[in-house]
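Just so you know, these numbers use all the heavy atoms, side chains as well, and skip hydrogens, waters and symmetry mates.
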Amino acid sequence: MEALAVGSAPPRPGLAAPTRYSHLRRPGTLAYARRPLAAAPMEAAGGGRPSPAPARCTRAETEPEVDEVATSSHAAAGTTEQADNNGSPVSDAVSAAAEVSNVVAGVDGIRIRRRPVTGPAVHYVGPFQFRLENEGNTPRNILEKIIWDKDVEVSQMKERRPLYMLKGPLEAAPPARDFVGALKASYDRTGLPALIAEVKKASPSRGVLREDFDPVLIAQAYEKNGAACLSVLTDEKYFQGSFNNLEAIRNAGVQCPLLCKEFIVDAWQLYYARSKGADAVLLIAAVLPDRDIKYMLKICKILGMAALVEVHDEREMDRVLGIDGVQLIGINNRNLETFEVDISNTKKLLEGERGQKIAEKDVIVVGESGLFTPDHISFVQNAGVKAVLVGESLIKQEDPGKAIAGLFGKDISHAGAA
């Protein structure tokens with residue numbers, strides 16, 4: 001059943017039953033998709049939604065459903081390419097791509113364009129480099145810039161280490177720990193929101209947060225002082241994190257379940273995170289259409305990982321509440337456009353029918369950003385939060401572990417409870 005969920009054929013008489021990672025095979029054994037690789041054309045006039053672009057993986061690498069799950073931003077990019085090939089003026093292509101991007105955002109509810117809709121701004125002619133900037137290839141905010149760079153980075157990583165090469169590391173990885181269970185146990189034990197303490201060296205808005213940064217020592221201090229789970233930044237360019245940090249913490253004997261804090265834009269990243277010891281991953285609703293979130297939730301379930309689905313506003317919250325299988329919703333109090341923080345955002349998103357629906361679905365809400373004092377913790381707890389993800393207010397202190405007691409106004413460690 002697990003293999004079927006990622007697209008391998010059902011077992012036939014006389015053949016060995018598929019294993020958890022039996023779908024990760026060498027290219028020579030892959031069944032190539034039959035559909036042409038050319039970009040799918042737009043639907044006829046009438047402002048229809050762009051046809052899905054062909055899947056980037058073959059059917060043997062992912063589930064059959066992936067043809068329908070291909071991201072809408074791929075369709076937008078494909079439309080631009082087609083317009084150029086037909087000899088249309090560049091300005092028309094730019095306008096068409098921008099229009100497609102707006103349609104995609106309106107239909108899927110995403111606020112972040114997954115890649116430049118008019119292609120990269122930098123071009124090369126022989127040894128010369130020049131820039132052609134327009135609205136379609138200029139990031140509108142820092143998150144969009146991060147996502148564009150991440151898309152390129154992941155494409156390069158996949159070339160160096162295709163999916164089938166992750167089969168061995170996945171089988172050798174330590175078993176996934178119960179991330180959701182750890183949060184519930186901590187809440188029951190302390191009566192306070194469970195802490196997901198973040199191992200974070202830097203951020204694009206604040207710069208370097210801690211010069212003497214030892215991820216293992218910080219993780220051990222967090223665990224000793226009552227953290228239920230840990231969040232480990234793995235983005236290198238903007239947060240100075242790495243998967244080496246995640247792996248080192250897991251191999252150091254830290255028992256807290258680990259959240260891989262990465263900007264997920266491709267299902268390949270889920271397999272890679274699990275191979276490095278992740279117990280949970282972050283999925284950002286502003287970046288991922290509903291279809292991608294549903295698809296990635298299925299993969300997480302197969303891999304034994306939890307998924308923290310992050311929202312920023314009412315529209316994203318409504319989208320995520322309409323998706324089956326969501327166990328964790330993170331409310332980020334940071335505005336994506338201005339990067340300003342307002343913790344009242346948490347209360348706003350949990351009021352009325354939304355709060356009732358969350359209670360009915362037994363979803364754990366995680367408060368994120370802007371939490372520095374016991375009053376802040378009390379405020380989001382009263383709003384309905386049962387866990388908090390905190391990084392900056394802890395990591396900047398001389399002793400990040402002991403800073404946890406200051407954040408909660410009491411010692412929440414097992415020793416303190418005893």
Side-chain angles (χ1 to χ4, degrees), residues 1-12 14-38 52-71 73-74 114-115 150-176 234-236 242-244 246-247 250-251 258 260 262-283 288 291-307:
M1 193 65 181
E2 291 176 338
L4 285 176
V6 285
S8 43
R12 288 177 289 176
L15 295 179
T19 62
R20 178 184 292 267
Y21 306 115
S22 60
H23 60 291
L24 306 182
R25 294 174 288 181
R26 290 183 177 277
T29 64
L30 296 177
Y32 292 97
R34 294 181 179 178
R35 70 167 52 192
L37 295 178
R56 288 181 291 175
C57 299
T58 63
R59 293 181 185 273
E61 288 180 294
T62 57
E63 60 182 47
E65 188 180 89
V66 76
D67 284 340
E68 301 175 2
V69 174
T71 59
S73 43
H74 279 124
R114 291 276 285 275
R115 57 188 57 80
K150 185 62 62 177
D151 185 67
V152 175
E153 176 190 325
V154 172
S155 295
Q156 295 170 348
M157 292 176 71
K158 288 173 64 178
E159 288 181 4
R160 294 194 300 268
R161 185 169 289 189
L163 191 59
Y164 76 89
M165 291 181 65
L166 298 181
K167 180 179 180 181
L170 282 166
E171 292 175 341
T234 54
D235 176 78
E236 295 188 26
S242 75
F243 280 96
N244 290 336
L246 179 71
E247 203 167 23
R250 188 65 191 261
N251 293 337
L258 304 180
C260 175
E262 177 60 288
F263 296 92
I264 303 294
V265 295
D266 190 290
W268 177 91
Q269 293 170 276
L270 305 179
Y271 292 96
Y272 188 69
R274 177 80 277 272
S275 74
K276 294 295 184 179
D279 305 299
V281 292
L282 177 71
L283 304 179
L288 300 171
R291 294 170 299 166
D292 284 11
I293 295 175
K294 293 174 183 177
Y295 175 50
M296 291 181 180
L297 286 174
K298 291 180 180 180
I299 295 178
C300 286
K301 185 175 182 180
I302 291 169
L303 297 176
M305 294 193 299

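- Closest of all the heavy-atom pairs between C260 and T234 is SG-OG1, 3.7 Å.
- Tested against W268, the residues L270, I264, V265, D266 include a single side-chain contact (heavy atoms from CB on, under 4.5 Å) partner, D266.
- The CD1 atom of I299 sits 7.0 Å away from atom CE of M296, with the distance rounded to the nearest 0.5 Å.
- Shown here are the side chain to side chain contact (heavy atoms under 4.5 Å, CB included) partners of A173, two or more places apart in sequence or in another chain: R274.
- Here the closest non-hydrogen pair linking Q269 and F263 is NE2-O, 3.0 Å.
- Contact record, L258 with G277: CD1-O, 4.4 Å, taken as the closest heavy-atom pair.
- To the nearest 0.5 Å, atoms SG (C300) and CD1 (I293) are separated by 11.0 Å.
- A pairwise comparison of heavy atoms in D279 and P175 identifies OD1-O, 4.2 Å as the closest pair.
- Listed here is the closest heavy atom pair of L166 and Y271: CD1-CB, 3.8 Å.
- Shortest non-hydrogen contact noted between A273 and V281 is CB-CG1, 4.1 Å.
- Side-chain atoms of D235 do not come within 3.5 Å of backbone N or O of E262 as any donor-acceptor pair.
- K276 is linked by a salt bridge (Lys or Arg N to Asp or Glu O under 4.0 Å) to E247, counting only residues two or more places apart in sequence or in another chain.
- Checked against side chain to side chain contact (heavy atoms under 4.5 Å, CB included), Q156 has the following partners two or more places apart in sequence or in another chain: V152, R160.
- Checked against side chain to side chain donor-acceptor pair (under 3.5 Å), E236 has no partners two or more places apart in sequence or in another chain.
- Checked against side chain to side chain contact (heavy atoms under 4.5 Å, CB included), A280 has the following partners two or more places apart in sequence or in another chain: F179, L259, A306.
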